[in-house]
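This is a predicted model, so every value here is computed, not measured. Only heavy atoms go into these numbers, but all of them, side chains included; no hydrogens, no water, no symmetry mates. We're numbering straight along the sequence, starting at 1.
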Amino acid sequence: MKAAANTRGKKKGSKKNTKPEAVQSSASAKENHHRPPTDGAQKAGAAALARVEKQQRPKVYTSQDAIRNQVKRQLEAEAAAVAEKENPTTFEESNTLKDPACLSVSGVYFTCPLTGATLTKSEREVHIKEAILMRFEEDPVEASVMMIHTFNKDREKVKAAVDIISKYVENICKNPTEEKYRKIKLSNKVFQEKVRIVEGSREFLEALGFISIMLPVDGQEEDEEFLVLTDEGADALELMKERRDRLLRGEPVRAQLNRQPQAFRPSAKAQHFELPPEFYNLTADELKKEQQQRSDLVEKNAMLRTKAMREREEQRNRRKYNYTLLRVRLPDGTLLQGTFYAWDRMPVLFSFVRESLVDGWQPFELIAPGGQKLQESEEVALAECSLVPAALLTFSWDAAVQADIAAAGQKSEVLLNPKLQENIRTLS
C-alpha cells in the first residue's frame, strides 16, 4: 500500500512539473486578485479587445504572402483528408499487403504540368495549388486565372463568376469615363453571392488594376470598401480586354498521369501481374471478398448466367478499377509496359506505343487477349475492351509495309527508343 501511495505521489508530482508556467501564473493571479488594474493593463486590454473585434471582420488578402497564408490551412486539411482516404488502413491483416518488391509497378504517380514534379495521388492537388500561388510573383494574371479555374470544384459557380467579371470589363470598356462602372462595392449582393465566393476572383480583379479603397456611402455613417480601377488610359483598356480573354480561355490545371514506361526483356512471366491497391476502386475487404467469390463461383456462373447477364456483370466489374497496367509484347519478345486510366481511349494507347518505338511512324497492330484486334480509330475506353485491371497485348507490324522496307534494305533491328532500351529490366 505504501508503495502504491508513493507511486501515486510521484505521478502527481510529475504532473505538476509538466506545466510550471501555468501553475505560476495561476498563483500570481490569486495574489493580484484584489489589486486594481494599472493604466498599462487597461491599455493592453483595450488593444486586445480591438484586435479581437478586427479579427471578426473578413480579412482582405492582397500580397502573395497573404494569399499563401489564406490557403495554407485549406491545403493542409485537404492533404490530410485525401491521405486518410487513400491510406490502406482497411487492411485488417498485414499479410494482405503485397511485398513492394513483388509488385509489377510500385504505384500510381502523376506529373505536375507546372513544375514537372512526380507526385502520388494524395500529393498532387496540394502541390499544384502551391505551384499556382508561387506564380503570383512572376505573372499575377496567369496565377489568378489558374486559381479561379483550379481551386473551385463547382464549374457552374466558376462560370457565373467569370461571366460577371467579364461584364465588369465590358462595361468599363464601353463607358471608360463613367465612374460608376469603375467601382465595385464589395457588399453588393451580386458580388457577394457570385464573385466573392469563388477563390481567385479578387486576385484577378487586383491583377486587372483594381485597388481597395474605403469610400463614403450615401445614408451611411461608416465608409465601405470598394475595388476601384484608377488607370483610365486607352492602353490600359486594351490590356484589360486581353486579360479578360485569358480568363475566359482558362482551364483547370490538372496533374497528368505518369505512365511510367518501362521495357522488360522477354519473359515467361509476361502475363503475371501483381498490382498495388491504387489500381482498385475497392476497399481491401471488398477486394479480398471479390477474389474469393471469383475463385468459388466461376464455373457455376458460367453455366447458369445468360450472355446478357455476363455482359452486365462485366460492365459493373470494369467500374471497380481506376487504372490499368498494360504490357505489349513486341516481335522480338521484348515487353513494353505502361499505366493508363481505365477510361483512356484507344488513341491514347496507340500513341503511347508509337512514341516508345524507334520507327513509330510505321503502321502496326495491337491484339488483345482472345485475338481481338484493337482499332486505333475507335473512341472506345480500355475498360470497355476488358483491358482492366491489367492485360498483355501482342504487337505486330503491317506485313506489306515490312516487306517493302526489307526489300529496300532499310529494316532496323532496334525496336524501342534509346531511353527505354538503356533502362531495360528483367521481369521479376
Would you say [X]'s side chain and [Y]'s backbone share a donor-acceptor pair under 3.5 angstrom?
X      : Y      : value
Glu178 : Asn175 : no
Arg196 : Phe191 : no
Gln260 : Gly107 : yes
Thr150 : Met146 : yes
Gln262 : Leu336 : no
Ser166 : Val162 : no
His149 : Leu247 : yes

Side-chain H-bond candidate by donor/acceptor type, [X] with [Y], under 3.5 Å:
X      : Y      : value
Glu224 : Ser187 : yes
Glu355 : Ser351 : yes
Thr394 : Arg329 : no

Is atom [atom1] of [X] surrounded by more than 12 heavy atoms (other residues, nucleotides or ligands) closer than 6.0 Å?
X      : atom1 : answer
Glu156 : CD    : no
Gln271 : CD    : no
Lys157 : NZ    : no
Gln256 : CD    : yes

Do NZ/NE/NH1/NH2 and the carboxylate oxygens of [X] and [Y] come within less than 4.0 Å?
X      : Y      : answer
Glu225 : Arg202 : yes
Lys241 : Asp245 : no
Asp359 : Arg354 : no
Lys373 : Glu365 : yes
Arg135 : Glu142 : yes
Arg265 : Asp332 : no
Glu125 : Lys153 : yes

Is [Y] close to [X] at the side-chain level, that is, under 4.5 Å between some pair of heavy atoms?
X      : Y      : answer
Leu330 : Leu335 : no
Thr111 : Leu257 : no
Thr324 : Asp344 : no
Arg246 : Val141 : yes
Glu203 : Met147 : yes
Val358 : Leu415 : no
Val380 : Cys385 : yes
Tyr280 : Asn322 : no

- Task: Apply side chain to side chain contact (heavy atoms under 4.5 Å, CB included) to the pair Leu382 and Leu349, showing each step before the final yes or no.
- Result: CA-CA 9 Å; Leu382 301 176; Leu349 170 60; 4.2 Å; yes

Please give me the minimum heavy-atom distance between [X] and [Y], naming the atom from each residue.
X      : Y      : result
Phe364 : Phe350 : CE1-CD2, 3.5 Å
Pro347 : Glu376 : CG-O, 3.4 Å
Leu387 : Met346 : CD1-CE, 4.0 Å
Ile165 : Ser201 : CD1-CB, 4.1 Å
Leu114 : Ile128 : CD1-O, 4.4 Å
Val328 : Val353 : CG2-CG2, 4.1 Å

- Tell me, with the steps shown, if Tyr321 and Phe279 meet ring pair (Phe, Tyr, Trp, His ring centres under 6.0 Å). CA-CA 6 Å; Tyr321 307 109; Phe279 272 73; 9.2 Å; no

Check for me whether [X] meets the cation-pi criterion with [Y], that is, NZ or CZ under 6.0 Å from the six-membered ring centre and within 45 degrees of the ring axis.
X      : Y      : result
Arg425 : Phe264 : no
Arg182 : Tyr168 : no
Lys121 : Phe110 : no

- Task: Apply the test side chain to side chain contact (heavy atoms under 4.5 Å, CB included) to residues Leu239 and Arg244: give CA-CA distance (whole Å), side-chain angles for both, the deciding distance (0.1 Å), then the verdict.
- Result: CA-CA 9 Å; Leu239 184 60; Arg244 184 269 316 272; over 6 Å; no

If you round to the nearest 0.5 Å, how far is [atom2] of [Y] from [atom1] of [X]?
X      : Y      : atom1 : atom2 : result
Gln192 : Asn188 : CD    : CG    : 8.0 Å
Ile132 : His127 : CD1   : NE2   : 10.0 Å
Lys269 : Thr426 : NZ    : OG1   : 10.0 Å
Ser356 : Lys419 : OG    : NZ    : 10.5 Å
Leu229 : Ile172 : CG    : CD1   : 5.0 Å
Asn152 : Ile197 : CG    : CD1   : 8.5 Å

- Task: Go through the steps to decide whether Leu133 and Phe151 satisfy the test side chain to side chain contact (heavy atoms under 4.5 Å, CB included), and finish with yes or no.
- Result: CA-CA 11 Å; Leu133 293 177; Phe151 284 29; 4.3 Å; yes

- Query: Do Tyr323 and Tyr341 have ring centroids that are under 6.0 Å from one another?
  - Reply: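 Yes, they do, as the ring centres are separated by less than 6.0 Å.
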
- Dump the intermediate steps for salt bridge (Lys or Arg N to Asp or Glu O under 4.0 Å) on Lys167 and Asp163, then the final yes or no. CA-CA 6 Å; Lys167 190 66 176 177; Asp163 288 345; over 6 Å; no

- Please assess Phe226 against Phe210 for the test ring pair (Phe, Tyr, Trp, His ring centres under 6.0 Å), listing each intermediate value before the final yes or no. CA-CA 9 Å; Phe226 286 76; Phe210 284 87; over 10 Å; no

- Message: Can you tell me how the ring of Trp397 sits relative to the ring of Phe395, calling it parallel under 30°, perpendicular over 60° and tilted otherwise?
- Response: perpendicular

- Item | Stepwise side chain to side chain contact (heavy atoms under 4.5 Å, CB included) test for Ser106 and Leu103 | CA-CA 6 Å; Ser106 60; Leu103 294 175; 5.7 Å; no

